[in-house]
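Both backbone and side-chain heavy atoms feed into the values below; hydrogens, waters and symmetry mates do not. Order of listing sets the numbers, starting from 1, for every ligand and every atom in it.
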Amino acid sequence: MRRPTARSLAGVPALIAAAVVTTPAMSVPAAADSVVVGGYEVRADDSPWVVALASRDRFGPARSGQFCGGVVVAPTKVMTAAHCLSNAVLGKDAASVRDLRVIAGRSELAGNGGREVPVRETWVTPAYDPVTNSADMALLTLGEALPEDHVLPVAGPGDPAYEVGTAATVYGWGDTQGNGSYASSLRAARVSVLPDETCANAYPGGQGSRYAPSTMLCAGDPQGGHDACQGDSGGPLVAEGRLIGLVSWGSGCGRPDGPGVYTRVSAVVRSAGTG
Ligand code: ARG
């Protein structure tokens, strides 16, 4: 887990700040117009596969304890980012967080719509590297099954949904401005799949993070303004009705020179042998 810089975290509550993966050498204040900088409100019922990961013990009751996003990939399986389950985020082993829950069907975190389902088991892909943030994927096994119609199909290797220029939508309850303004309602932002070179140029490594195309996916808005942000991690990037990415990291939010980096789901699922 990379150390966030103080600057990129101004105003971000300390506990959520722990979830942030930034590039120290490149961190700059987020653009003011930055989803789910540049996003719009959506109803959880219209995108039932988006879920919130929550722990009130750790993150407090105000926003139902939300701290990351996730996506339903089978009735009892939720996929999320591995870094969401790190000690740095949870303050302890995921297995010892007693009230780790998935919240399905609740658009408004201040309310009590939808349902809360306990997480029975957590599994982080052995391919995950917390230093490089490569293969940032984990699976949660739920204590109760969600309806079959909550399941989002996962795009496999070679799926055309990964092609550069494909329109994609990212969902989450994260920061809407890049300054600690956490959304209370579910939001979505429209982005597109960007060439690997765009992220390789933006994130060349050295002092900062390095983009690794084999396990990561580059997406955003070349003009800036539409992006995922802090608190959206683990949430889905959806194209052509299929899951292509999980919110993983980026430099600032919505910056034209800091595209969003997502977990390339086809690659990590294959290497994990889960499908
Ligand atoms: N690491 C962040 C989190 O834990 C997600 C950051 C995504 N940033 C971006 N600019 N797309 O919530």
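At least one heavy atom of G231 sits closer than 4.0 Å to an atom of ligand 1. The shortest heavy-atom distance from R255 to ligand 1 is not under 4.0 Å.
Considering backbone and side-chain atoms together, V247 places no N or O closer than 3.5 Å to any N or O of ligand 1. Taking any N or O of Y262, backbone or side chain, none lies under 3.5 Å from an N or O belonging to ligand 1. Considering backbone and side-chain atoms alike, S233 places an N or O below 3.5 Å from some N or O of ligand 1. Distances between N or O atoms of G252 and those of ligand 1 include at least one value under 3.5 Å.
Applying the disulfide bond (SG atoms under 2.5 Å apart) test to residues at least two apart or on different chains, the pairs with a partner in residues 167-199 are C199-C218.
Distances below 4.0 Å separate heavy atoms of G260 from the following atoms of ligand 1: 11 (N). Contact atoms of ligand 1 toward H83: 1 (N), 3 (C), 4 (O) (distance under 4.0 Å to a heavy atom of the residue). Short contacts between ligand 1 and Q230, defined as distances under 4.0 Å to a heavy atom of the residue, involve ligand atoms 2 (C), 5 (C), 6 (C), 12 (O). Less than 4.0 angstrom separates some heavy atom of D232 from each of these atoms of ligand 1: 12 (O).
Legend: residues meeting salt bridge (Lys or Arg N to Asp or Glu O under 4.0 Å) with R242, ordered by chain and number and at least two apart, are D159, E240.
Between D196 and R264 there is a salt bridge, since at least one side-chain N of the basic residue sits less than 4.0 Å from a carboxylate O of the acidic one.
Neither the backbone nor the side chain of C68 has any atom closer than 4.0 Å to an atom of ligand 1 (non-hydrogen atoms only).
Listed here is the closest heavy atom pair of G69 and L53: O-CD1, 3.8 Å.
Between W49 and Y171, the ring planes lie perpendicular to each other; the angle is over 60°, past the 30° to 60° tilted range.
In the displayed structure, N112 atom CG is contacted under 6.0 Å by at most 12 heavy atoms of other residues, nucleotides or ligands.
The residue among G220, A228, S248 with a heavy atom at the shortest distance from atom 9 (C) of ligand 1 is A228.
In this structure, the side chains of P48 and L146 stay at 4.5 Å or more apart for every pair of heavy atoms.
Just one residue in the list I244, L246, L237 forms a side-chain contact (heavy atoms from CB on, under 4.5 Å) with V265, and that residue is L246.
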